[in-house]
Amino acid sequence: MKVLGFRYVDVSEKSDEMVDFFQHKLGMENSWSDTEDYRGGIFKAGGSWLEFWHKNECMNALTMLQIVVDEADEFASFAKEQGVEIHGPIEEHGEKIYSLHAPNGMPVTIISTIQT
């Protein structure tokens with residue numbers, strides 16, 4: 001079991017300001033190009049990144065942590081053994097994803113790339 005990186009995801013009405021802050025004030029490269037449906041930004045560093053999305057009809061406001069791992073099934077199994085309530089998996093965009101909630105209520109996902 002190995003953690004490869006983290007994704008911090010924030011969906012809010014402040015996404016434009018957050019993207020501007022990281023892109024223009026801190027000089028970080030934005031890997032995302034806005035579309036009509038998805039305004040936001042992705043700022044990558046190694047195996048981790050920050051995501052900021054504008055709240056809209058398709059995306060409710062939330063803050064979420066995604067833990068990118070080498071094998072989601074193993075991580076989910078371990079967490080279940082520790083008494084964590086786990087949901088999933090689902091497979092989407094070439095990833096296997098389990099979901100859970102941290103003690104403070106924050107949504108957390110455990111994600112690994114599906115090996116073909």
Side-chain angles (χ1 to χ4, degrees):
M1 293 189 340
K2 183 176 180 183
V3 174
L4 304 175
F6 299 98
R7 299 176 190 167
Y8 172 86
V9 180
D10 183 66
V11 179
S12 75
E13 293 179 355
K14 297 280 188 181
S15 65
D16 292 338
E17 291 94 338
M18 294 299 288
V19 169
D20 181 66
F21 175 75
F22 283 98
Q23 185 172 357
H24 298 110
K25 307 286 191 225
L26 298 182
M28 296 172 64
E29 181 181 348
N30 184 354
S31 300
W32 179 260
S33 295
D34 282 342
T35 66
E36 200 171 301
D37 295 327
Y38 296 103
R39 289 182 14 225
I42 300 174
F43 301 91
K44 297 181 179 181
S48 299
W49 62 77
L50 306 171
E51 294 184 31
F52 299 99
W53 303 107
H54 190 74
K55 177 182 165 256
N56 61 40
E57 292 176 11
C58 299
M59 298 178 81
N60 294 324
L62 68 80
T63 299
M64 163 192 224
L65 178 64
Q66 299 178 320
I67 304 170
V68 182
V69 299
D70 60 346
E71 179 49 61
D73 292 330
E74 286 182 38
F75 270 78
S77 179
F78 176 80
K80 282 181 187 178
E81 290 171 5
Q82 308 313 308
V84 176
E85 184 177 341
I86 301 284
H87 303 280
I90 62 168
E91 294 184 4
E92 198 170 83
H93 307 292
E95 296 176 319
K96 184 176 278 192
I97 306 167
Y98 289 89
S99 63
L100 57 129
H101 284 89
N104 67 356
M106 180 174 62
V108 176
T109 60
I110 300 168
I111 299 174
S112 65
T113 301
I114 296 172
Q115 305 298 322
T116 56

Notebook entry, point to check: Considering only heavy atoms from C-beta outward, does the side chain of D20 approach that of K25 to under 4.5 Å?
Noted result: yes

Item checked: Heavy-atom pair with the smallest gap, counting every atom of M64 and L62 -> CB-CD1, 3.4 Å

Item checked: Minimum heavy-atom distance K55-N60, with the two atoms named -> CG-C, 4.4 Å

Notebook entry, point to check: Does the side chain of F52 come within less than 4.5 Å of D16's, by heavy atoms?
Noted result: no

Next item on the list: With side-chain contact (heavy atoms from CB on, under 4.5 Å) as the test, would you mind laying out the steps for N30 and F43 before giving the verdict?
Entry: CA-CA 5 Å; N30 184 354; F43 301 91; 3.7 Å; yes

Check: Is F6 close to V68 at the side-chain level, that is, under 4.5 Å between some pair of heavy atoms?
Finding: no

Note to self: Assigning hydrophobic clusters by single linkage (Ile, Leu, Val, Met, Phe, Trp, Tyr; side-chain heavy-atom cutoff under 4.5 Å), is Y8 placed with F21?
What the structure shows: yes

Next item on the list: Tell me whether Y98 is reachable from V3 by hopping between hydrophobic residues (I, L, V, M, F, W, Y) whose side-chain heavy atoms are closer than 4.5 Å.
Entry: yes

Item checked: M18 vs L50 side-chain heavy atoms within contact, under 4.5 Å -> no

Checklist line | Closest contact, heavy atoms only, G5 versus S48 | finding: CA-OG, 3.5 Å

Check: Does one hydrophobic cluster hold both M1 and L65, with members joined at side-chain heavy-atom distances below 4.5 Å?
Finding: yes

Note to self: Show, in sequence, the C-alpha distance, side-chain angles and deciding distance for Q82 and F78, and conclude whether the side-chain contact (heavy atoms from CB on, under 4.5 Å) test is met.
What the structure shows: CA-CA 7 Å; Q82 308 313 308; F78 176 80; 3.4 Å; yes

Notebook entry, point to check: Which atoms form the tightest heavy-atom contact between Q66 and T109, and what is the distance?
Noted result: CG-OG1, 3.0 Å

Item checked: Partners meeting side chain to side chain contact (heavy atoms under 4.5 Å, CB included) with N104 (sequence neighbours left out) -> A102, M106

Check: Just wondering, are more than 12 heavy atoms of other shown residues or ligands nearer than 6.0 Å to CD in E57?
Finding: no

Check: Which residues satisfy the side-chain hydrogen bond (donor to acceptor under 3.5 Å, both in side chains) test with S15, sequence neighbours excluded?
Finding: H54

Notebook entry, point to check: Is a donor on one side and an acceptor on the other found under 3.5 Å between the side chain of S12 and the backbone of K14?
Noted result: yes

Check: Is the backbone of Y38 close enough, under 3.5 Å, to the side chain of W32 for a donor and an acceptor to pair up by distance?
Finding: yes

Notebook entry, point to check: What's the shortest heavy-atom distance between K96 and A72, and which atoms?
Noted result: O-CB, 3.9 Å

Item checked: Exercise: identify the closest heavy-atom pair between K2 and F75 -> N-CE1, 3.2 Å

Note to self: Please determine whether residues I111 and V108 belong to a single hydrophobic cluster, defined as Ile, Leu, Val, Met, Phe, Trp and Tyr linked transitively by side-chain heavy-atom distances below 4.5 Å.
What the structure shows: no

Notebook entry, point to check: Can you get from V11 to W49 by hopping between Ile, Leu, Val, Met, Phe, Trp and Tyr side chains that sit under 4.5 Å apart?
Noted result: yes

Check: So does E91 have more than 12 non-hydrogen atoms from other groups sitting under 6.0 Å from CD?
Finding: yes

Notebook entry, point to check: Taking C-beta and beyond as the side chain, do W53 and I42 meet within less than 4.5 Å on heavy atoms?
Noted result: yes

Notebook entry, point to check: Hey, does the side chain of S112 reach the backbone of E71 with a donor-acceptor pair shorter than 3.5 angstrom?
Noted result: no

Item checked: Atom pair CD1 (I110) and CD1 (I67), whose distance is rounded to the nearest 0.5 Å -> 6.0 Å

Checklist line | From E81 atom CD to I86 atom CD1, the distance as rounded to the nearest 0.5 Å | finding: 11.0 Å

